[in-house]
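As structure tokens, the structure follows; a few thoughts come after it.
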Amino acid sequence: MPELPEVDRARAALERVVGRRIEAVGDHDSFVCRPFAPGEIAAALVGHEIVGVRRTGKQLLVDTTGPVLGLHFGMSGSLRFDVPTDERFTRFWVRFDDGGTMVLRDPRRLGRVVLDPVQRLGEDALLVDGPTFRDLVGRSRAPVKARLLDQAVVAGIGNLLADEALWRARIDPRRRGVDLDRAELVHLYRAVRASVRDAMAAGGSGRSRFGTARKAGVCPRDGVPLASAKVGGRTTRWCPREQR
DNA sequence: AGCATTGTTTCACA
DNA sequence: TTGTGAAACAATGC
């Protein structure tokens with residue numbers, strides 16, 4: 001369930017392992033750990049201590065006294081602590097010197113585990129300032145939703161948050177960035193930040209009023225059936241009456 | 001059976 | 001050249 005709010009929750013949970021030493025690593029899922037060979041990540045990490053945890057967008061960075069461990073949850077990844085490492089869907093795990101474990105559970109295996117990740121990400125959605133956001137989003141000829149989903153522009157916004165923010169800002173997801181005026185971009189910027197913050201408070205993306213309504217197919221403000229189409233390659237729902 | 005899925009990368013094309 | 005969008009990736013659930 002990972003968009004920025006879920007990943008940030010994982011970051012907070014990871015704070016508990018700071019200061020622990022890595023005793024063993026399970027890196028034998030060659031798809032999730034690609035392009036590293038089985039044992040390669042383990043060899044690089046064993047014996048090192050976790051010294052910090054950072055997040056940019058949906059990317060998690062675990063600093064150690066050795067390499068940086070990069071974690072990405074893909075579509076279905078999540079972290080578990082102090083559970084057995086042989087459970088179904090365990091794709092990667094770390095055991096610490098205190099006997100505790102960190103397990104990456106990821107049924108669909110679209111998550112990634114890498115050493116020293118090279119990031120090509122834009123500014124984090126929670127940190128980007130208004131003028132920068134307006135400039136980056138407002139200069140594109142792509143549908144505004146596709147622009148929001150582009151992690152190289154603003155990092156952390158996924159499909160649900162994008163729909164949520166556009167609904168709050170009352171903007172049609174199919175409109176081109178260049179066709180939005182300054183006031184609309186201001187609204188969108190505020191809507192993005194509010195959507196992210198609310199999702200974090202609610203414990204996840206898609207738990208908002210619109211997130212619930214998105215499934216039901218009815219706009220929670222005016223009861224109009226939501227429109228649905230592929231925008232930016234993703235299923236998109238919006239209120240055809242309010243979002244212009 | 002068929003289709004959709006809260007993500008990212010690659011590749012074809014304008 | 002730059003940007004855009006569809007397909008591929010893997011696996012599950014409806």
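Letters A, B, ... mirror the listed sequences (proteins, then strands); counts begin at 1. Basis for what follows: all heavy atoms, side chains included, without hydrogens, waters or symmetry-related copies.
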[X] has an atom [atom1]; how far is it from atom [atom2] of [N], in whole Å?
X        : N     : atom1 : atom2 : answer
A/Arg147 : C/dT4 : CZ    : P     : 6 Å
A/Leu160 : B/dT6 : CG    : C1'   : 4 Å
A/Asp163 : B/dT5 : CG    : P     : 10 Å
A/Arg141 : C/dT2 : CZ    : P     : 13 Å
A/Met75  : C/dA7 : CE    : P     : 15 Å
A/Leu110 : C/dC9 : CG    : P     : 11 Å
A/Leu149 : B/dG7 : CG    : C1'   : 10 Å
A/Asp150 : C/dG5 : CG    : P     : 11 Å

Of the options [options], whose atoms approach the side-chain atoms of [X] most closely?
X        : options              : answer
A/Arg109 : B/dG7, B/dT5, C/dA10 : C/dA10
A/Asn159 : B/dT9, C/dT12, B/dT6 : B/dT6
A/His72  : B/dT8, B/dT10, B/dT5 : B/dT8
A/Lys230 : C/dA11, B/dT6, B/dT5 : B/dT5
A/Thr235 : B/dT5, C/dT12, B/dT8 : B/dT5
A/Arg237 : B/dT5, C/dG3, C/dA11 : B/dT5

Taking 4.0 angstrom as the limit, do A/Asp124 and A/Arg55 come out as a salt bridge?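 Salt bridge between A/Asp124 and A/Arg55, a charged N being under 4.0 Å from a carboxylate O: yes.
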State plainly whether the residues A/Glu184 and A/Arg175 are in salt-bridge range, i.e. N to O under 4.0 Å.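 A salt bridge is present here (some side-chain N lies under 4.0 Å from a carboxylate O).
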hbond_proxy A/Arg112 side chain to B/dT8 base (donor-acceptor, 3.5 Å cutoff):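 No such pair is found, so the answer is no.
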Has A/Arg221 got its NZ or CZ under 6.0 Å from the middle of the six-membered ring of A/Trp167, at an angle within 45 degrees of the ring axis?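 Flagged: A/Arg221 positioned over aromatic ring of A/Trp167.
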Which part of the nucleic acid, if any, lies within reach of [X] when heavy atoms closer than 4.0 Å are counted: base, sugar-phosphate only, or nothing?
X        : value
A/Arg174 : nothing
A/Arg234 : base
A/Phe31  : sugar-phosphate
A/Arg88  : sugar-phosphate

Quick check on DNA chain B: between A/Leu121 and A/Arg108, whose nearest nucleotide comes earlier from the 5' end?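 Whichever sits nearer the 5' end wins; that is A/Arg108.
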Taking the C1' atom of each, how far is C/dG13 from B/dT8, in whole Å?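 My reading of the C1' atoms in C/dG13 and B/dT8 gives 22 Å.
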How far, in whole Å, is C/dT4 from B/dT6 if one measures between their P atoms?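 About 22 Å, rounded to a whole number of Å.
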Please report the closest heavy-atom contact between A/Pro2 and A/Phe73, naming both atoms and the distance.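 Taking A/Pro2 first and A/Phe73 second, the nearest heavy atoms are CG-CB, 3.4 Å.
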If every non-hydrogen atom of A/Arg105 is compared with every non-hydrogen atom of A/Arg88, which pair is closest and at what distance?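 Between these two residues, the closest heavy atoms are NH1-O, 4.0 Å.
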Any side-chain N or O of A/Ser140 less than 4.0 Å from the OP1 or OP2 oxygen of C/dT4?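 For A/Ser140, the contact criterion (side-chain N or O under 4.0 Å from OP1 or OP2 of C/dT4) is met.
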Does A/Gln151 put a side-chain nitrogen or oxygen below 4.0 Å from OP1 or OP2 of B/dT8?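 Result: yes.
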Flag yes if A/Val17 and A/Ile41 sit in one hydrophobic cluster, no otherwise; membership is Ile, Leu, Val, Met, Phe, Trp, Tyr, and two members link when side-chain heavy atoms are under 4.5 Å apart.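 Same cluster.
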Please determine, for C/dG13, whether a Watson-Crick or G-U wobble partner exists with both distances under 3.5 Å, and give it or none.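 Paired with B/dC3.
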